[in-house]
Asks: 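Take a look at the following structure, please.
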Number of protein chains: 2
Amino acid sequence: MTPAADVLALLGVPPAQARESKGGRTREAILGAAVALACRTGLGGLTVGSLATEVGMSKSGMIAHFGSKEALQLAVLDAAALEFATEVVLPALSAPRGEPRVRALVDGWMVCGLMRRPGGCVFVKSSTELDEQPGPVRDRLRDQHLELARSIARIFSGGIREGHFRADADPERFAVDLHAVMLGFYHQHRLLGDPRAEERARAAVDALLDAERPPAEPARGAPDAVAEAGR
Amino acid sequence: MTPAADVLALLGVPPAQARESKGGRTREAILGAAVALACRTGLGGLTVGSLATEVGMSKSGMIAHFGSKEALQLAVLDAAALEFATEVVLPALSAPRGEPRVRALVDGWMVCGLMRRPGGCVFVKSSTELDEQPGPVRDRLRDQHLELARSIARIFSGGIREGHFRADADPERFAVDLHAVMLGFYHQHRLLGDPRAEERARAAVDALLDAERPPAEPARGAPDAVAEAGR
DNA sequence: CAAAAGTACGAACGATCGTACTATTCTGAA
DNA sequence: TTCAGAATAGTACGATCGTTCGTACTTTTG
């Protein structure tokens with residue numbers, strides 16, 4: 001069940017020693033509250049005072065664990081990424097390679113967007129917050145998004161190798177398109193409160209996948225392959 | 001050239017009298033700077049002090065034109081919506097009804113997202129900022145997005161009546177899908193700096209439109225009607 | 001031209017921002 | 001049990017937040 005140690009290390013999980021000391025434990029408690037708070041207010045709206053109140057500590061005692069607000073923001077991004085990886089990406093990897101794995105990813109992602117946290121998603125919020133504010137936090141966020149896109153593309157590539165998708169499909173393009181669908185879903189669901197948001201997003205994903213299916217091998221000539229591909 | 005008075009009134013433009021007095025003029029100057037600033041920092045990051053500095057006024061003198069920061073935010077949203085309507089939506093309406101009008105809308109929208117303002121788009125930024133912060137500003141923003149979706153759907157409907165799109169196509173769904181593509185475009189372009197962002201978004205729009213085209217009537221009749229529709 | 005209305009300023013308010021520095025309390029290994 | 005170091009609290013700082021108030025100055029009105 002527990003992922004191998006090297007996988008955890010890869011995700012940026014600190015070693016057990018650093019987690020089990022008193023300081024390590026409160027640090028993790030702070031980060032938990034910080035991620036939750038940042039989901040509601042964004043990374044910019046996450047203030048030292050409000051977070052300290054949230055965890056029931058003094059400002060100084062709380063921020064001492066990170067050094068500065070910027071370092072705290074970076075830690076929050078890392079904690080949120082770790083959470084997303086372990087709760088959405090990793091579980092999807094245990095689905096059969098190919099389209100099932102892609103759909104498992106979408107399912108987990110959607111559940112995450114629908115209900116996991118009150119307030120939404122740190123990444124969506126900080127993406128628009130930081131897109132024109134250069135600095136280490138913005139750079140980290142961009143790296144994480146690039147890494148996510150790579151993961152999606154890799155999972156999709158498995159579907160090409162399995163023959164579920166066209167051999168000439170573009171995994172990178174699929175990653176971008178899927179991300180757009182999820183952004184639209186988030187917008188419809190969170191801001192507009194559209195009850196059909198999930199249904200619409202799932203239809204959009206279906207359309208995305210249908211467009212990438214291999215043509216039913218024509219007996220050399222049949223011009224109606226398109227109709228069948230809709231299956 | 002100038003839109004009719006009733007159209008302007010519909011868009012929320014104040015009457016000339018209110019615009020041409022001294023106060024009206026500076027109010028408009030403030031709003032211009034405010035929209036530009038909000039594009040960089042978001043509606044929340046738009047502070048009274050920074051805006052006053054930007055326009056070269058005192059805080060008190062500046063905010064006196066609106067009464068409170070919240071009223072300023074509402075005015076900024078309205079000003080930005082007016083700008084978007086006159087620079088993107090209205091011009092598109094002068095394109096021939098149907099697919100050309102849809103494409104004109106997308107073109108204008110894309111140019112707007114690409115280069116019109118340094119810093120991005122107030123609406124994208126405030127959508128994620130406010131999606132869980134109830135209040136008048138959030139309500140206004142939601143109304144504006146619903147209105148935009150209605151406009152898109154209406155323009156698309158024209159394409160159905162013209163026979164460019166399937167009769168059973170869902171204009172509302174198209175509006176949601178198109179918005180998702182634009183959100184993805186914004187994300188790729190602004191945060192990730194993807195040079196292929198525009199190309200990718202245009203391909204996604206093409207895919208969206210292709211999926212809505214009427215089936216080439218199989219029997220009796222040129223199956224190439226699609227090609228002509230593009231004209 | 002005088003009066004009235006509109007416009008802008010500067011100062012000050014209490015609150016909160018992030019951070020620095022100093023105490024005090026607590027933890028855990030010798 | 002002791003004691004060094006980690007952990008947390010406390011306090012104060014300069015800056016900025018949004019807002020209010022009293023007062024000049026300018027425009028419009030009568």
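Each chain gets a letter, A, B and so on, in the order the sequences are listed, and its residues count up from 1. Everything quoted here is computed from the prediction, not taken from an experiment.
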Asks: Nearest 0.5 Å, please: how far is CD in B:Gln188 from CD in B:Glu199?
Replies: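 The CD atom of B:Glu199 sits 11.5 Å away from the CD atom of B:Gln188.
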Asks: Mind checking if B:Met62 touches a base, just sugar-phosphate, or nothing, with heavy atoms under 4.0 Å?
Replies: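 Result for B:Met62 = nothing.
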Asks: Looking at D:dT8, I'd like to know if its phosphate oxygens (OP1 or OP2) sit under 4.0 Å from a side-chain N or O belonging to A:His65.
Replies: yes
Asks: Side-chain N or O of B:Thr47 less than 4.0 angstrom from OP1 or OP2 on D:dC17?
Replies: yes
Asks: Output yes when B:Arg142 and B:Asp139 qualify as a salt bridge under the 4.0 Å nitrogen-oxygen rule, no when they do not.
Replies: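 Yes.
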Asks: Between A:Glu132 and B:Lys125, is there a salt bridge with N-O shorter than 4.0 Å?
Replies: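 A salt bridge is absent here (no side-chain N lies under 4.0 Å from a carboxylate O).
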Asks: Using side-chain heavy atoms (C-beta onward) and a distance below 4.5 Å, is A:Arg27 in contact with A:Leu31?
Replies: yes
Asks: Given side chains that start at C-beta, do those of A:Val76 and A:Leu72 come closer than 4.5 Å, heavy atoms only?
Replies: yes
Asks: Give me the residues of residues 29-38 of chain B where at least one heavy atom lies under 4.0 Å from an atom of DNA chain C, by number, or none.
Replies: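 When residues 29-38 of chain B is checked for heavy atoms under 4.0 Å from DNA chain C, there are no hits whatsoever.
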Asks: Summarise protein proximity over nucleotides 19-30 of chain C in one line of letters, 5' to 3': B for base, S for sugar-phosphate only, - for none, counting protein heavy atoms closer than 4.0 Å.
Replies: BB----------
Asks: Determine the contact category for B:Ala64: base if any of its heavy atoms lies under 4.0 Å from a base atom, sugar-phosphate if only primed atoms, P, OP1 or OP2 are that close, otherwise nothing.
Replies: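 Nothing, no heavy atom under 4.0 Å.
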Asks: Quick one: does B:Phe123's side chain get under 4.5 Å of B:Leu148's, heavy atoms only?
Replies: no
